[in-house]
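Comments concern the structure below.
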There are 2 protein chains.
Amino acid sequence: MLDLPDDILEPLGRSPVARDVARRAGVSTATVSRVLNGSAGVRADKREAVMRAAQDLGFVANGAARALSTRRFMAVGAVVPNIENEAFVRVLSSVQDRLRQADYTLIAANAGYDLDDELREATFLLERGIDGLMLVGDIHHPDLHARIARSGIPMVQTFSLSREHPCVGFDNAGSAARAANYLMDLGHRRIGVISGLRKDNDRGGARVTGIAQALAARGLRLAPEHDIEISYGIGGGRDGFRQMLAGGSPPSAIICGTDQIAFGAMIEARARGLSVPGDLSVIGHNDSDFSPFLDPPLTTIRIHSAEIGHAAGDHLIARIQGRPVVRLTEIDAELILRASTAPPRHGDG
Amino acid sequence: MLDLPDDILEPLGRSPVARDVARRAGVSTATVSRVLNGSAGVRADKREAVMRAAQDLGFVANGAARALSTRRFMAVGAVVPNIENEAFVRVLSSVQDRLRQADYTLIAANAGYDLDDELREATFLLERGIDGLMLVGDIHHPDLHARIARSGIPMVQTFSLSREHPCVGFDNAGSAARAANYLMDLGHRRIGVISGLRKDNDRGGARVTGIAQALAARGLRLAPEHDIEISYGIGGGRDGFRQMLAGGSPPSAIICGTDQIAFGAMIEARARGLSVPGDLSVIGHNDSDFSPFLDPPLTTIRIHSAEIGHAAGDHLIARIQGRPVVRLTEIDAELILRASTAPPRHGDG
DNA sequence: CGCGGTTTTGAAAGCGCTTTCAGATAGCCA
DNA sequence: TGGCTATCTGAAAGCGCTTTCAAAACCGCG
């Protein structure tokens, strides 16, 4: 009877496991593991045998088994309010960039500006065994931090600054105030705000607060009819500005929560026969791709989403690897001056 | 000596495992597992004891262990050419929608229109142990399908139709042809195309082919100087149209690979003193958020990304669960008529 | 109260990897 | 060549679940 070795070249019915590689290379699974994880202390000939065997078999280590054994899932989670929002997509993509370099995977989830949903998504991710978590903002479900703490994994908040938790963000109030000051320096005195929904959204809230304070500092105030809250999008911007005009006293300048909103407001202004920036100065937020191409090009507050993402990714990786990190990273937002802002036509703002 | 039970309420140093729950509830881990997975055949009292114990302990099952044991990772991967592209984000978000309902997680990766990168990202995902994979398009690295096959997981391609592989998509050539026919029906005869880079991108290629064929069917041809390939974005669109004009014979209508490109082309046209649609009709692709708000509102081919995503998600889940599926799902693209198209001014197209 | 047939239950065997620990080898010098 | 380190290597013990299998508990009925 023919005495065939049991490591025939035929494909195994199942996908190959470390045991198969070991057998084929004539070593133990321990050695296979050592070789495949690049740990030192394996003689060159064995190392090569293992490499070749793994190659031949098309061996791919089972991630779950590895995760179970190492207690590392090699993935971090991110929960953002709206996965279709440009700014968040950019952050996700830049976080992923960094994670990828450290061989980590990003798992993103959508919370839709709802604290309960955010909690649910985060829990889902936590159950998966993620090694780190990225959140947006500083307002969360009361139970969320407890759960994160219990899981023992590092967490970092983004887009706003926090004194409670590790974060990478910028001063929403401060940068919005800067925009307001810029408008006032131009001579505007009747300044309006159109923001996205502010419930459970500290960023939006902080921006409006910052503007109100900047106005107050110069003896002006943010009139209630100039403080409009709408749902996001270009349509929202149109509605918002229409609503503001309905208030009776048209502003000479507005600051919008996103460039989409600003775009919508500009459209509505034009439809009303108002010229931008002649009759109305407009400032947006985020510096979207289309903003430089609008007519007129939009003045906007550029949020360095990519930097936020990189910093957040680095922060998480560092903590996962036990390296020290700074608790708070501030990424400056920048006022990009373009042609949608000008001194008020009538001098009185 | 006090005989304390070993399941004190004090927090354990480590996070609780099934064993802890079992001890606390006075059952075996088998029963804990049965209860937590909702399998029948556990007496009500024990079931409740387990539930309470799990609750009290804040027990969260270890995903890796579960995955190892069940051979199900409960995650599917998706590799898209550009994670920041609106259409792909929408697909990802709608795939995730469906996955989430089946308790699956989506892990998305970016391939940047490069076959090698796509292979690398897909391999990375495969190593993680994903249970299914979504790709975009029908052109891939020669090794990719082999690797997927070896892993034994279901795969679905999106955005284009394929006769080789399971897919959910639409007829890129056909819908672009429809746009061309519409323009010709309006009387246009000099029709141009500005597409994104077509290397390794079957969608872009198919669209141009479709247009060329539609023209040919009516005895017209796509002049080389009217076939422009640029990198994506508004800036790309401007450059592309400028380049086309430099060809010497301006077209009376153009079809663009995305609405961003169309937007850019319209800006350039206006800058050249051409009116849209008076001197130039413009058609885009994707129906972006801003398209109805452009001046004039943009005629575009709407790709039902959300439907594609839903169908792709359902397809993968079905196959993972061993249910039968249709191999090819065609989602119709739709020509949305708005004001950027009109009969050519001079009658001769 | 005993019996056959259901339910319920727990012990134990994996799942496929990493890692410890002790034994086997190799290397070196006297 | 022998003895002593310094390297390598493999057996085996987990990691924390799920799931099989056989035993235990329960049930209704005669």
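All chains are named by letter (A, B, ...) in the order of the sequence lines, taking the proteins before the strands, and each is independently numbered beginning at 1.
Proximity note for B:Thr31 (side chain, C-beta onward) versus C:dT18, C:dT9, D:dT9: the nearest is C:dT9. Candidate nucleotides D:dT20, C:dC17, C:dT20 were compared by shortest atom distance to the side chain of A:Arg34, and C:dT20 ranks first. In this structure, of C:dC17, D:dC17, D:dG10, it is C:dC17 that holds the atom nearest to the side chain of A:Asn62. Comparing atom distances between the B:Lys46 side chain and each of D:dA12, C:dG10, D:dT9 picks out C:dG10 as nearest. The side chain of A:Val17 approaches C:dG16 more closely than any other nucleotide in the set C:dT9, D:dA11, C:dG16.
A:Ser33 comes within contact range of at least one nucleobase, with a heavy-atom separation under 4.0 Å. Contact annotation for B:Arg71: backbone-only contact, meaning every heavy-atom pair under 4.0 Å involves sugar-phosphate atoms and none involves a base. Using a 4.0 Å heavy-atom criterion, one finds that B:Val32 contacts no nucleic acid atom at all. B:Ala30 comes within contact range of at least one nucleobase, with a heavy-atom separation under 4.0 Å.
In this structure, B:Phe73 has its ring center at least 6.0 angstrom away from the ring center of B:Tyr104.
For the helix from C:dC1-D:dG30 to C:dA30-D:dT1, the axis fitted to the five pairs at one end and the axis fitted to the five pairs at the other end meet at an angle of 40° (nearest 10 degrees).
Atom-to-atom, CZ of A:Arg66 to C1' of D:dG14 comes out at 17 Å; the value is rounded to the nearest Å. As a whole-Å value, the separation of A:Arg23 CZ from D:dG10 P is 14 Å. Taking atom CZ of residue A:Arg43 and atom P of nucleotide C:dA24, one finds them 16 Å apart after rounding to whole Å. Here D:dG10 presents its P atom at 11 Å from CZ of A:Arg19, a figure rounded to the nearest Å.
Looking at residues two or more places apart in sequence or on another chain, you find a side-chain contact (heavy atoms from CB on, under 4.5 Å) between A:Gln321 and A:Ile317, A:Arg323. With sequence neighbours excluded, the residues satisfying side-chain contact (heavy atoms from CB on, under 4.5 Å) with B:Arg47 are B:Val35, B:Val42, B:Met51.
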Next item on the list: Carefully, step by step, assess B:Glu164 and B:His145 under the rule side chain to side chain donor-acceptor pair (under 3.5 Å).
Entry: CA-CA 11 Å; B:Glu164 318 279 325; B:His145 286 297; over 6 Å; no
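We find that B:Asp131 and B:Arg72 are not joined by a salt bridge, their nearest charged nitrogen and carboxylate oxygen being 4.0 Å or further apart.
With the nearest nucleotide of DNA chain C identified for both B:Val42 and B:Ser69, B:Val42 has the one nearer the 5' end. Between A:Leu68 and B:Gly41, it is B:Gly41 whose nearest contact on DNA chain C lies nearer the 5' terminus.
For A:Glu48, the CD atom counts as loosely surrounded, since its 6.0 Å shell holds 12 or fewer non-hydrogen atoms of other residues, nucleotides or ligands.
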